[in-house]
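Notes for the one structure printed next.
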Amino acid sequence: MSQYNPHVVEEKRQQIWEQNHLFRATEDESKEKYYLLEMFPYPSGKIHMGHVRNYSIGDVIARYKRMRGFNVLHPMGWDAFGMPAENAAIDRGIHPASWTYDNIDYMRNQLKRLGFSYDWDREIATCDVAYYRWEQWMFLKMFEKGLVYRKSSPVNYCQKCQTVLANEQVEGGACWRCGEEVLQKELTQWFFAITKYADELYEYCDKLPGWPERVLNMQKNWIGKSFGVEVDFPMEDGTFLTIFTTRPDTLFGVTFMVLAAEHPLALSLSRNTDQEAAVNAFVAKTKAMDKSFRAEITTEKEGVFTGKYVTNPLTGTKVPIFVGNFVLMEYGTGAIMAVPAHDQRDFEFAKEYGLPVILTIMPEGGALQPETMEGAYEGDGKMVNSGPFNGRNNREAIPSIIDYLEEKKIGKRTVNFRLRDWGISRQRYWGAPIPIIYCDACGTVPVPYEDLPVVLPLKVEVKMVGKSPLAECAEFYNVECPVCGKPAKRETDTMDTFVESSWYFLKYTCADHNEGPLDRKRVDYWMPVDQYIGGVEHAVLHLLYSRFFNRVLNELGLVGVREPFENLLTQGMVIKDGAKMSKSKGNVVDPDYMIEKYGADTARLFCLFASPPEKDLDWNDKGVEGCFRFLLRVWRLIVERLDGLRDVEAVFEPLNDDADTVQLAFLIHKTIKQVTEDVDRFHLNTSIARIMELVNGIYKYIDKDRKEEGDRRLIRGALETLLVLLFPFVPHIAEELWEMLGVDGKSLSTQWPRYNEKYVQEDTVLIVVQINGKLRDRCEVQRDTDQEQLKSIAYDLEKIKKHLEGKTIVKTIVVPNKLVNIVVK
RNA sequence: GCGAGAGUGGCGGAAUUGGCAGACGCACUGGACUUAGGAUCCAGCGGGCAACCGUAGGGGUUCAAAUCCCCUCUCUCGCACCA
């Protein structure tokens, strides 16, 4: 009898798959397509368990969908530009390109050894010129449409990575990649106008039922849509100070105004007044303050009077204008109306500077006094001190207040977003060059389409100098102006690597297409992605950028759909000893080691079985061993009985009335049903549990020596079913055993089994008998026994009789085929 | 602070709709086979001698609640002076 040797089995199967190009996808209008995508990895060196998990989940679905008859696209590639390649170059003197391509070779081999069913013919690496040249093309198109622009503004800067970061790449004031504190720097940078799509990106969150609520909330939160009103407060010189507020119901309580230090009026208002020196000093001090410190909620609220006043357009009251450290120039108009009675920040500021507090909302049944308040009242209630709106509920009054403001031309309805444009300039080498030329005479000139690609030069010394290494490469940046022919300079910044990942899913659909950016016909065949699988860490990065980019490409006529990802599954992290697996924590389990010790099938099985895909997975070496043992058990189940089963023809129903035999038939069909339903809703862990139960059931059945022909045929049917169900999860061992069984003319991987309704529902059902909702007994009865009969059966049970002694039956609830509940007093 | 999600045996986790709580696996205990067992097989495995009690805690709805509602606590994640 042959031993289970995963290495031999896996190598053999993988060779066969590769030789036969089994996972190659071709566009075929006659078949229903299914585009399954897992987030592509960064080629950092080796894959980690998070990858194994992500791709194991994906592979189950890919194989399952193929077995269900779908034309499946399941591609893989490399998010190959980025900082670590440069760091390796600096640390070890290896060129980023060779470091990257070596890693890709190694990791591709790892993925192949895990047996994932990718169409490797469509593999892409984003650092290939053939890829990024079309990104440059897209950049130029966006430039023409005004969707990419250059401006000077304060940007996030990581000292350690020596580059600018997008807002989405700053996590709690620190660099998302290295954790270094992020500084603010005034720089001229390129931006993608993602804010033009803010509203649509926000509103479509409600049209993505296939996405996890959590991710949609994070996106909505990030985009930050808020409804309010812009109100013009007249100033003494006849101009207006415009503010944005979501709380027009507190307008009557405004006692002062606050400008951001960066507000254009901050300095000009006090010019040539007594307050000038104080304001100048305050503005200088505030601007110099570290942004993350300034944004700290606990930072004390400070400000200075500008010497000027505005008039409250509703009350006619004169209120002073301050410059304050807690107002953000980036949000709204950079100026606020302050209502200390109903906003805690304003309250603190008012207390500090002795400003009045006017109450405009009274809590239900309350009697707040401005003099005795210890904090702002931010709840709802009845409006007071509010002229015509007195007595109304503040929330309900808001629409009519805004109507009133609009009518009087004091204000207008406005929607404000938190989202900022996406800064994509990176002062780094290993990225796609931005196809722009600066000419003293002609200004900013896009590289002509016929001059694309702007190839990233390989002969560049990579080092950390605070600017792009390309800025030191004269052959690169010295060019002729495409317009006037005079000497000009190339842009030396490269694009954020998130630009590459914003459209890679489109490139897969037509990876070999080089005559243009994308082959619309093939794009439209495959798009949208039916199922996307990846980590939740990209909820507001990649997943938001991609939605934006896809819209732009849709408008450029390159894609038919507006939303790229129909369904999204965010898998949990891999945890060990209470912490995320990571090199720095020293708790990593190396996939190579797992393959070496147990084989790919075991590694995959454990990742799938130990927890449901969307939850964190707690790594457990003993659990891995259990999975290996299970595969051994399956192996033995078949191999030990091969001789007696090889020439038997499978049946999937009992050929005699033997109770055990009938039961086995039921088990087969029930397992098919449950596994199908569970895989369909991504309950992969319970699918595997069901299959384990099937194995246990088969063992139990064959425990009694089954000599009868009919019984043997059913065993054969059970084993075939088992292997087919196992195939998406552990394809190597399943296929190997299938071959050993010698199933003529039937392919394991093309047929997902169907269950027979007849063997899913038994003729008898177990009825639970409760008294006052507590389980007292059970009994087996014929399916669909009528209610009255059920009642009398229940009353007749010994245990029930005992419990009923001396009690009065109030009523009896009968749930057909399920339970009887007797209510007694 | 705001928003979202979660809390079930020693552990990972089951329980489409309110209807047998703890499937499946790990760990553990006992036994069988064995020169040996870290292999395999069999049995047991929430607590309690029991009646009973048990899904973070408290209240409610219901014939019936892990599941629905309210309050409290704890944890995780995201955003955080966003006006």
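Each chain gets a letter, A, B and so on, in the order the sequences are listed, and its residues count up from 1. Worth saying up front: this structure is predicted, and the values here are computed from it rather than measured.
Nucleotide B/rA43 is matched to B/rU29 when pairs are restricted to Watson-Crick or G-U wobble geometry with both distances under 3.5 angstrom. Of the nucleotides present, none pairs with B/rA83 by Watson-Crick or G-U wobble criteria with both distances under 3.5 Å. Taking a pair to require two hydrogen-bonding distances under 3.5 Å in either a Watson-Crick or a G-U wobble arrangement, B/rA65 remains unpaired. Nucleotide B/rC73: paired with B/rG7 (Watson-Crick or G-U wobble, both distances less than 3.5 Å).
Between B/rA83, B/rC24, B/rC20, one nucleotide has an atom nearer to the side chain of A/V768 than all others, and that is B/rC20. Of the listed nucleotides (B/rG25, B/rA14, B/rG19), B/rG19 has the atom at the smallest distance from the side chain of A/N821. With B/rG19, B/rC26, B/rC20 as the choices, the nucleotide that has an atom nearest any side-chain atom of A/L819 turns out to be B/rG19. With B/rG25, B/rG13, B/rC26 as the candidates, the nucleotide lying closest to the side chain of A/K622 is B/rC26.
Residue-level contact check: A/R681 touches the bases, meaning some heavy atom is under 4.0 Å from a base atom. Residue contacts for A/V823: at a heavy-atom cut-off of 4.0 Å it reaches the sugar-phosphate backbone alone, with no base atom in range. Among the heavy atoms of the strands lying under 4.0 Å from A/V327 is at least one base atom, whether or not backbone atoms are also near. Nucleic acid contact class of A/T299 (heavy atoms, under 4.0 Å, all strands): base. Using a 4.0 Å heavy-atom cutoff across all strands shown, A/N416 reaches no nucleic acid atom at all. As judged by a 4.0 angstrom heavy-atom cut-off over every strand, A/L766 is placed among the base-contacting residues. As judged by a 4.0 angstrom heavy-atom cut-off over every strand, A/R420 is placed among residues making no nucleic acid contact. Among the protein residues, A/G332 comes within range of no part of the nucleic acid, since none of its heavy atoms lies under 4.0 Å from any strand. Within 4.0 Å (heavy atoms only), A/D346 reaches no atom of the nucleic acid at all. Residue-level contact check: A/K301 touches the bases, meaning some heavy atom is under 4.0 Å from a base atom.
Between A/V730 and the options A/I691, A/L605, A/V634, a side-chain contact (heavy atoms from CB on, under 4.5 Å) holds for only A/L605. With respect to A/Y598, the ring-ring contact (aromatic ring centres under 6.0 Å, His included) criterion is satisfied by exactly one of A/F628, A/Y4, A/F606: A/F628.
For the P atoms, the distance linking B/rA51 with B/rC2 amounts to 48 Å, nearest Å.
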